[in-house]
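Encoded as structure tokens, the structure appears first; notes follow it.
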Amino acid sequence: MAEVLVLVDAADGTVKKPTLELLTAARSLGEPAAVVIGAPGAAAATKGALAEFGAAKIYVVEDEDASGYSVAPKAEALAAVAAQASPAAVLIPSSNENKEVAARLALELGAGLITDAVDLGADLAATQSIFGGSITVQAKVTRGVPVITFRPNSFTPEPAPAAGEEVPVAVAFSDGAKRARIVDRVTEAKGSRPQLTDASVVVSGGRGIGKAENFDIIEKLADSLGAAVGASRAVVDAGWVGHQMQVGQTGVTVSPQLYIAVGISGAIQHRAGMQTSKTIVAINKDAEAPIFELADFGVVGDLFQVAPQLTEEIARRRG
Amino acid sequence: MNVVVLVKQVPDTEGNRKLDPGDHTVDRAAVDPVINYIDEFAIEEGLRLKEAHGGEVTILTVGPERATESIRKALSMGADKAVHVLDDALHGSDALQTAHVLAKALGTLEWDVAVAGSEATDSRMAVVPALLAGLLDVAQLTQARKVTVDGSSVTVERVTEGGYEVVEGSTPAVLSVVEKINDPRYPSFKGIMAAKSKPVTVLGLSDLGLDQSDVGLANAASEVVSFENAPPRQAGQIVKDDGSGAVQIADFLAAKKLI
Ligand SMILES: Cc1cc2nc3c(=O)[nH]c(=O)nc-3n(C[C@H](O)[C@H](O)[C@H](O)COP(=O)(O)OP(=O)(O)OC[C@H]3O[C@@H](n4cnc5c(N)ncnc54)[C@H](O)[C@@H]3O)c2cc1C
Ligand SMILES: Nc1ncnc2c1ncn2[C@@H]1O[C@H](COP(=O)(O)O)[C@@H](O)[C@H]1O
């Protein structure tokens, strides 16, 4: 059975959920093999989770260059692993950085590239949702080893313990891989909330919150659900929250199990970033707001009443 | 410092965008085209680099005849000249092929940095700048929210999921910029008039040493097998808040096992 490579995304030693999703999906295509690329010591903490979720092998490229330079070394490392493993496909969790890695990998492999898939068939046909969710596409790579990136929450991770045999791979990085040096890494996101891009629940606030100080209404509701916090562009443009939180065409695309839009009108550009959410709930005082066209459940009402009550109600039910 | 700005023309996202049922490519006639939104930030950044360091700003577009409109707009913002790669054989090219063509076109120009937008609204792939850097074997300084140039050294603040990275490289380099890096200027009346006489060089595949077999739908490394309009979302339940709205949401979430 051919191997199916999955690029591992981990933060602070924890394997991120989208990686576990792809290990799960890889099982139906062949033998899942995880690829960990990072600074020396990066792989150790990830091995348990990777084996638990089905990685028969764990390829490990640990090298200062892999973490010291932007994007290109990851693509070269993946290409080196692919040369060794002759995989049926390379599956990569979509993120801005990983899509660039996937692109350069496709170049290295002379292969076709599909980005932001949301499902995959046994024949390697990838499903994509384009134009703000209005069209569903089936796409296939026609040359080389398919390189496919997937949006978070495309699959449900299921454990299936496997050997998790560690295979160290040494890569001699080219000069070309070392042209963009990372001189500093700065973390701005504060707190312990889940990351917006791959959260399974997202609560977003819009201009309806009125002013920056009211944004804690959104944050409290999010915290009651263990959710990530998002915002519409109006809120970002007003400077109430940072740009990283913008959901939509020019912000982050999310596809969570549950999206709660509070005081958001639902402009087409906002919808482009959240339309594929599995369940959508909206709170808006305007019954005509376009967000209600998408909502599975909507409350026409004053967010200053409904949102805090909801926070309390959820806290009560969760005990 | 000579700057090339990569500008893509895309269907306006306000319109009802479609795929062509015949060959499954983006239907560029269905909706009026505009400059890819983020590319306006790339143009602005290019103009600012010129203002600070001298040199010329050249617009580079691979696209159909009508892309001329977007090129003129970019010139009216203040760019000096443009190169338009126009060839019917390009129809249906994928991102890899487009990057090949852009790389060849850059080969005809003198440049220090090529500035792209971070993502096109039609493809939403956000890969062309990375592909281009890889093909040209130059520094990839992408997803920038800030660009600083000092001689041949270029430093960017690259947006990451939880913050940013400071990434440094040397010219020549391929940059991409995110929205919010600057405020794109509006074309002035004078700019619009001046744009009419600025040079636009039109190049075909043969001018770039490329062949039909290098590009186009038939030679792409991926294909759209089929597509369908997504079924409209099932109409949801909308209630007017009478004081019980929050409890009703909680009931709904509980029924869906979301809490
Ligand atoms: C090129 C381009 C790109 C864009 N990209 C994005 C993007 O990525 N993301 C994005 O979000 N937008 C984007 N936009 C902007 C988009 O068009 C909208 O302007 C924006 O989404 C509106 O944000 P909003 O819904 O918060 O504000 P508004 O449209 O002002 O809506 C506020 C809503 O709050 C409701 N409200 C007010 N008070 C209350 C209350 N007390 N209780 C309950 N409800 C209340 C109102 O009824 C209204 O529906 C883009 C626009 C352009 C042109
Ligand atoms: N056909 C094209 N002509 C010129 N620039 C392009 C073209 N396609 C993509 N680009 C550039 O690459 C960026 C990212 O595009 P994409 O990878 O398609 O999301 C765009 O914002 C443009 O700056």
Side-chain angles (χ1 to χ4, degrees), chain A residues 70-72 95-96 99-100 103-104 106-107 111-116 125 131 133-144 176 179-189 195 197 243 249-250 257-258 268-269 279 281 292 294-301 306 309-310 313-314 317-318, chain B residues 13-14 17 19 37-38 94-96 121 124-127 130-131 134-135 137-143 158-170 179-180 220-230 233 236-241 245-250 252-254 256 258-259:
Chain A
S70 187
V71 181
S95 66
N96 285 341
K99 288 207 281 184
E100 295 184 332
R104 296 187 67 134
L107 268 190
L113 168 70
I114 292 174
T115 54
D116 289 330
F131 295 166
S134 62
I135 296 180
T136 306
V137 162
Q138 299 291 326
K140 260 184 140 166
V141 166
T142 51
R143 188 181 318 138
R179 300 203 194 282
R181 198 166 64 87
I182 302 175
V183 288
D184 199 8
R185 288 192 166 86
V186 182
T187 306
E188 286 180 328
Q195 188 180 304
T197 42
H243 184 222
Q249 181 190 304
T250 42
Q257 298 299 328
L258 172 63
I268 180 103
Q269 296 89 354
T279 299
V281 170
F292 287 125
L294 290 185
D296 298 288
F297 196 88
V299 171
V300 181
V306 181
Q309 283 170 5
L310 181 57
E313 183 64 21
I314 290 166
R317 294 194 191 199
R318 290 196 145 181
Chain B
T13 57
E14 296 276 358
R17 292 174 291 171
L19 294 181
Y37 177 67
I38 300 180
D94 64 12
L96 292 136
T121 55
R124 296 209 70 181
M125 289 186 82
V127 297
L131 288 167
L135 282 165
D137 192 16
V138 302
Q140 177 192 327
L141 303 170
T142 48
Q143 318 276 351
R158 170 181 169 84
V159 175
T160 58
E161 285 178 342
Y164 65 96
E165 290 170 351
V166 180
V167 186
E168 182 195 79
S170 302
E179 190 203 14
K180 304 271 177 333
S222 55
E223 66 169 350
V224 172
V225 186
S226 64
F227 72 91
E228 58 185 8
N229 292 330
R233 282 188 89 96
Q237 189 187 350
I238 312 295
V239 302
K240 213 173 147 9
D241 184 38
V247 172
Q248 291 191 58
I249 294 176
F252 170 81
L253 295 179
K256 287 233 163 202
L258 289 164
I259 48 173

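Side chains included, hydrogens not; waters and symmetry mates left out as well; all remaining heavy atoms used. So that the names make sense, note that chain A is the first sequence line, chain B the second, and so on, each numbered from 1.
Your options are A:G112, A:G144, A:G133, and the one with the most heavy-atom pairs under 4.5 Å with chain B is A:G112. The choice from A:E100, A:Q257, A:Q195, A:K99 that makes the most heavy-atom pairs within less than 4.5 Å of chain B is A:E100. Ranked by non-hydrogen atom pairs under 4.5 Å with chain B, the options A:V306, A:T115, A:L107 are led by A:L107. Per-residue heavy-atom pair counts under 4.5 Å with chain A were compared for B:L135, B:D137, B:L131, and the maximum is reached by B:D137.
Only the side chain of B:L253 has a heavy atom closer than 4.5 Å to any heavy atom of chain A. For B:K180, the part sitting under 4.5 Å from any heavy atom of chain A is the side chain, from C-beta outward, and nothing else. For A:V71, the part sitting under 4.5 Å from any heavy atom of chain B is the side chain, from C-beta outward, and nothing else. Only the side chain of A:D116 comes within contact range of chain B, judged by heavy atoms closer than 4.5 Å. Only the side chain of A:V281 comes within contact range of chain B, judged by heavy atoms closer than 4.5 Å.
No side-chain donor from either of A:R179 and B:S170 sits under 3.5 Å from a side-chain acceptor of the other. In summary, the side chains of B:E165 and A:S70 do not present any donor paired with an acceptor at a separation below 3.5 Å, with no hydrogens or angles considered.
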- CA sep, side-chain torsions, deciding dist, call: A:H243, B:V159, side chain to side chain contact (heavy atoms under 4.5 Å, CB included): CA-CA 10 Å; A:H243 184 222; B:V159 175; over 6 Å; no
